Each structure stands twice: as structure tokens, then as C-alpha cells.
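Presented below is the structure to which this report refers.
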Amino acid sequence: MTTQELPFIRVVREGPVAVITIDRQDKLNALNRQVLNNLASTFDALAHDDAPVRAAVLTGAGEKAFVAGADIGEMSTLTVEQAREFASLGHRILASIEALPFPVIAAVNGFALGGGCELALACDFIFAADNAKFSQPEVNLGVIPGFGGTQRLARRVGLGRARELIYTGDMITADEAVRIGLANRVVPKAELLNVARETAAKIATKAPLAVSAGKRAMLRGYDQDLSSANALEIVEFAGLFGSTDQTEGMMAFVEKRKAQFTGA
Ligand code: COA
């Protein structure tokens with residue numbers, strides 16, 4: 001199966017790496033329902049592609065924005081019940097991206113505001129272009145983050161910093177995002193995609209089941225008490241033994257050669 005391109009979403013496959021671009025440039029890639037649903041369908045198709053994806057990069061089209069937020073026009077007329085449905089949709093989709101069997105790197109190439117920052121937080125980690133700007137500006141609109149920002153931002157940068165960002169709506173630079181642990185590194189804008197692709201390609205050379213198990217253990221363990229989380233690690237670690245790639249990885253070390261992983 002080849003992943004079909006849906007409106008507002010572009011996909012480029014480079015072997016085991018997929019680069020997904022949200023392309024709604026006239027609205028700075030803002031997330032309306034259609035963009036969210038198409039993004040979810042795209043990731044779902046990639047997760048089931050016959051040519052397996054081992055790592056992905058998510059970015060925004062154009063020069064200015066990763067994603068400038070949830071679509072304010074669409075949100076402006078929501079009733080309480082519709083707002084609950086909209087937030088639930090965003091939560092469902094971001095949780096499904098977060099739980100994909102392969103890592104996703106957010107390549108933040110400009111504004112990552114509101115839902116855009118939340119989407120980047122649902123990715124495994126963030127690389128920021130030197131022009132990137134991050135913010136949870138919802139208090140300026142009379143609301144709060146609704147796609148997980150109050151929870152994932154605090155888990156990423158700590159409660160004190162998340163509180164300051166969410167109460168003030170302040171916009172921070174890429175350097176500041178790295179300083180507080182929101183982004184992993186700042187990259188010159190022209191090099192951002194290449195650096196993200198190279199990192200994804202490097203991940204794609206590692207044992208796929210091991211990368212997935214590491215991702216699962218960190219994601220599921222993070223909110224558990226330490227001993228339960230460590231028990232989860234034991235299960236994931238042991239589950240890899242007997243896999244073809246575990247045998248291959250350890251044999252290759254003993255035989256002083258490069259391992260050839262197959263994902264089995
Ligand atoms: N939802 C819907 N449309 C949005 C949007 C959003 N979150 N962010 C930007 N847009 C639209 C603008 O309305 C404008 O559309 P128009 O040309 O039809 O009027 C277009 O994208 C370009 O944005 P513009 O504001 O003209 O660009 P700018 O360079 O002057 O400002 C921003 C850029 C990001 C500072 C500004 O667009 C902004 O503040 N956006 C909203 C950010 C926000 O509050 N996001 C959180 C939402 S939860």
C-alpha cells in the first residue's frame with residue numbers, strides 16, 4: 001500500500017523515513033477539523049504501510065509557520081458541547097500520534113502556537129529552526145490549551161515554566177525553548193529539515209522493535225510510579241529477547257560487523 005496524499009497534508013517517503021508536511025499556508029497551517037482528520041489518517045496509513053516507516057519528521061509548509069494554532073475561525077462559534085467534541089478530537093489525534101510505533105520528530109520551522117505547540121509536544125521531540133517561536137497564547141482568546149497543552153507542556157518543561165507560559169501567553173524564541181527543555185536543539189532554518197531527516201534516518205538504522213519498545217516504555221512509564229514503570233521496562237526489555245534482531249544485534253557485536261536489522 002502507498003500512502004495517499006490527502007488535502008492539506010503532503011507526504012514524502014525516503015525509504016524508511018516519512019516526511020509529513022502540513023500545508024495550509026494561507027492560514028499559517030492552522031488546524032481545522034479537516035487538517036486534523038487528514039493528519040490522523042495519514043499517520044494511520046503510514047503505520048500500516050507495507051514499506052514500514054521507522055521514523056518520521058513532521059513540519060509545516062511555507063516560510064512562517066509550523067502550525068499557528070487550532071483554527072480560531074472554526075473555534076469562534078463553538079458551543080460548550082461542540083468545544084468538548086473539538087477538544088476531544090484534538091486529544092484523540094494527538095494521543096494517536098504520540099503512540100505511533102515509530103518516533104516522530106517535530107521540525108518546527110516558524111510559529112508553533114497553541115495547538116501547534118501542542119502538536120509538537122505530541123511528537124517524540126522537537127528540533128527548532130532559529131526563527132521558531134513557541135507559545136500557548138490561549139488566554140488571549142479567553143480559553144486555555146485544549147489539545148493537551150496544560151498536561152504535556154508541564155511534563156516537558158516542569159510545572160513552574162508551563163504555568164508561566166500558559167498564564168502569560170508569552171511567545172518564546174527557539175533558544176529559550178531549548179533552554180527550558182521544550183525543544184532539543186536549534187538549527188539554522190535552511191538546515192532544519194536536513195538535520196531532522198538525518199536524525200530520523202539514523203533512528204531508522206537501529207533495531208525497529210527496540211526503538212518501538214523504548215518509546216512505549218517511556219510513554220507508558222512516565223506517568224506511573226517508579227517501581228511500576230521499571231516493571232514495565234522489564235517486560236519490554238525481556239520481550240525483545242528471541243527476536244531476530246536481538247540475535248542479529250548481539251551476534252554482529254561478537255563477530256565485529258555491522259548489524260543488519262529487519263524489524264523481526
Ligand atoms: N486560526 C485561524 N487562522 C489563522 C490562525 C489560527 N490559529 N493563525 C493565523 N491565521 C490566519 C490569519 O487569520 C490570516 O488569514 P487571512 O489572511 O485570511 O486574514 C493568515 O493566517 C495569516 O496570518 P496573519 O495574522 O496575517 O500573519 P502575521 O504574520 O501578521 O501574524 C501570527 C502571525 C501567528 C502572529 C498571527 O497570525 C496570530 O497571532 N495567529 C493566531 C495565533 C494563536 O492565537 N494561536 C492559538 C490558537 S489556539
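Numbering of ligands and ligand atoms starts at 1, following listing order. Quick caveat: nothing in here was measured; it's all calculated off a predicted structure. These numbers come from the heavy atoms of this one structure, side chains and all, not from hydrogens, waters or symmetry mates.
Both tests pass for Arg185 against the ring of Phe127: distance under 6.0 Å to the centre and angle within 45° of the axis.
Between the side chains of Gln25 and Asp23, a donor-acceptor pair is found at a separation under 3.5 Å. Judged by distance alone, the side chains of Ser228 and Asp225 do bring a donor and an acceptor atom under 3.5 Å apart.
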Tabulate distances under 3.5 Å between N/O atoms of ligand 1 and N/O atoms of the protein, writing both atom names on each line.
{"from": "ligand 1", "atom 1": "1 (N)", "to": "Ala70", "atom 2": "O", "distance (Å)": "3.4"}
{"from": "ligand 1", "atom 1": "1 (N)", "to": "Ile72", "atom 2": "N", "distance (Å)": "2.9"}
{"from": "ligand 1", "atom 1": "7 (N)", "to": "Ala68", "atom 2": "O", "distance (Å)": "3.1"}
{"from": "ligand 1", "atom 1": "7 (N)", "to": "Ala70", "atom 2": "O", "distance (Å)": "3.0"}
{"from": "ligand 1", "atom 1": "15 (O)", "to": "Lys27", "atom 2": "NZ", "distance (Å)": "3.4"}
{"from": "ligand 1", "atom 1": "18 (O)", "to": "Lys27", "atom 2": "NZ", "distance (Å)": "2.5"}
{"from": "ligand 1", "atom 1": "21 (O)", "to": "Asp26", "atom 2": "O", "distance (Å)": "3.4"}
{"from": "ligand 1", "atom 1": "29 (O)", "to": "Lys64", "atom 2": "NZ", "distance (Å)": "2.5"}
{"from": "ligand 1", "atom 1": "45 (N)", "to": "Ala68", "atom 2": "O", "distance (Å)": "2.9"}

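Cluster membership check: Leu209 does not share its hydrophobic cluster with Ile203, using side-chain heavy-atom separations under 4.5 Å among Ile, Leu, Val, Met, Phe, Trp and Tyr.
The ring of Phe147 has its center closer than 6.0 angstrom to the ring center of Phe86.
Sparse packing is recorded around CD of Glu164, with 12 or fewer heavy atoms of other residues, nucleotides or ligands lying under 6.0 Å away.
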